[in-house]
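One structure is given below, encoded as structure tokens.
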Protein chains: 2
Amino acid sequence: MARANLSSVVVIEAAADLADREGFAAVTLSALARHFGVRTASLYTHVRDLSALLDSVHELALGELADRIAVAVAGRSGREALVALADAQRDYARQRPGRWAALQRPAATAPASAARLVALTWAVLRDYRLPDAELVHATRLLGATVNGFLSLEASGNFGHRGPTTDVSWRRAIDALDTALRTWPTEGNPA
Amino acid sequence: MARANLSSVVVIEAAADLADREGFAAVTLSALARHFGVRTASLYTHVRDLSALLDSVHELALGELADRIAVAVAGRSGREALVALADAQRDYARQRPGRWAALQRPAATAPASAARLVALTWAVLRDYRLPDAELVHATRLLGATVNGFLSLEASGNFGHRGPTTDVSWRRAIDALDTALRTWPTEGNPA
DNA sequence: GGCCAAACCTAAAGGGTTTAGGTTAGGGGC
DNA sequence: GCCCCTAACCTAAACCCTTTAGGTTTGGCC
């Protein structure tokens, strides 16, 4: 009987593909074993346990996302870069829903790609010339808005009534751009 | 042996409390049965199945949240109302993390409280005098930002370095307020 | 005092994770 | 060319969770 000749990477990628295909909740060691024509227990040779596997999918996805964002923002600046960054995330979330869901899951380990993503974000925000101390708040706002929008969109919580979410998305990006451009002078600065 | 004398509501509330205490993932029919000193199968008298139970927790939480928001925004308007609405959500998310997690789960049924919440939100947004067609986009932005922020905060994705999230939160609300006040004239309106 | 509905039970099937320990395949050293 | 050692894979079994089917008990009401 030919061996499946698995490895960590192969299993992790299969898990990510399974998540994209049938939903994040469907990624299960049993399902993967079935897919490979192997006994469930055999997967423990390549993977510490289920939670470690899901962490690995998270890491894989984060790396891919960082790659996409890197090429999206390359050569752009200001508002254009902001749009590119946000759109890259939205495209990823739509094209790879399972991988994107894996990103929502709090990961036990902070992968290296996380730092890359922060760096890319800061590069985009640099053109807005915020005070240094405000950079982190702006990053958080950006992350919250984009992730929040994509979560609500994915979970169908925006409802199927009303205009397309595409318009809402543009408005959200516009709002972010405005907020960033007018950052220091907003409201009544306490 | 004294009967536990359960009912749907009792089970649902216990599930919500369990979620707050030990995390949403910990709410399991087995755990609830243990808690009541009853066999798991007996719970099926009061609850259709696990997924229906989780939907009910969702509904319970949404009602509670709507209540809180209603009293929070009562008698306030404009920016003050916006802050009250957002803070009420943040308080709820922090004080009832399990119930709040239940809200993230896409519910099979759209509970009546959802409509109440939309109505409350629209009341808050009314003072910003947006064009009618923009109301839905503004609502989505508000929801996305608040939910996104709270998700990232709860999952620890903001990291434990850097300034408190409290400041970031205030900035986020400020940004929303700015976006709402300057809504029609932003960027280059296509 | 008896009956009936609802509350609770036992039993069992089915799926998932995980550990312990055994077998086999295949490549490197002699 | 054979050995042998390692890693890939296996079986077995324990444990937890959900769900269905069908039986028993309890308590209130007529």
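Letters A, B, ... are given to chains in the order of the sequence lines, protein chains preceding strands, and every chain is numbered from 1. The structure displayed is predicted, hence computed values, not measured ones.
Between the side chains of A:R90 and A:Q95, no donor-acceptor pair of N or O atoms lies under 3.5 Å.
Of the side-chain N and O atoms in A:R39, none sit less than 4.0 angstrom from OP1 or OP2 of C:dG16. Between B:T28 and D:dT18 there is a side-chain polar atom (N or O) within less than 4.0 angstrom of OP1 or OP2. OP1 or OP2 of D:dC10 lies within a sub-4.0 Å distance of a side-chain N or O belonging to A:S42. Taking side-chain N and O atoms only, A:S30 has a distance below 4.0 Å to OP1 or OP2 of C:dG16. Here B:H46 does not reach the OP1 or OP2 of C:dA6: none of its side-chain N or O atoms lies under 4.0 Å away.
One interatomic measurement links the two molecules: CG of B:L29 to P of D:dT19, which rounds to 6 Å at whole-angstrom precision. Per the geometry, CG belonging to A:D49 stands 5 Å off P belonging to C:dT18, to the nearest Å. At whole-Å resolution of the value, CG in B:L32 and P in D:dC17 are 11 Å apart. For the pair A:R34 CZ and C:dG15 C1', the interatomic distance rounds to 8 Å; values are reported in whole Å. Atom OH in A:Y44 sits about 17 Å away from atom P in D:dA14, given to the nearest Å. Rounded to whole angstrom, the span from the CG atom of A:L43 across to the P atom of D:dC10 amounts to 9 Å.
A salt bridge does not link B:D127 with B:R79: none of the charged nitrogens is closer than 4.0 Å to a carboxylate oxygen. Checked for salt-bridge contact, B:E153 and A:R140 miss the test: no charged N lies under 4.0 Å from a carboxylate O.
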- Query: After noting the C-alpha distance and the side-chain angles of A:R99 and A:D17, does the key distance pass the side-chain contact (heavy atoms from CB on, under 4.5 Å) rule?
  - Reply: CA-CA 8 Å; A:R99 285 163 153 88; A:D17 291 346; 3.0 Å; yes

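For B:V38, taking side-chain heavy atoms from C-beta onward, the closest of the listed nucleotides C:dA11, C:dC8, C:dT17 is C:dC8. Minimum atom distance to the side chain of B:T45 is reached by C:dA7, of the listed C:dA7, C:dT18, C:dT10.
Contact annotation for B:A31: no contact, since no heavy-atom pair falls under 4.0 Å across all strands. Here A:R48 lies out of heavy-atom contact (under 4.0 Å) with every strand.
Checking A:T164, A:D174, A:D87 one by one against A:W169, the side-chain hydrogen bond (donor to acceptor under 3.5 Å, both in side chains) holds for a single residue, A:D87.
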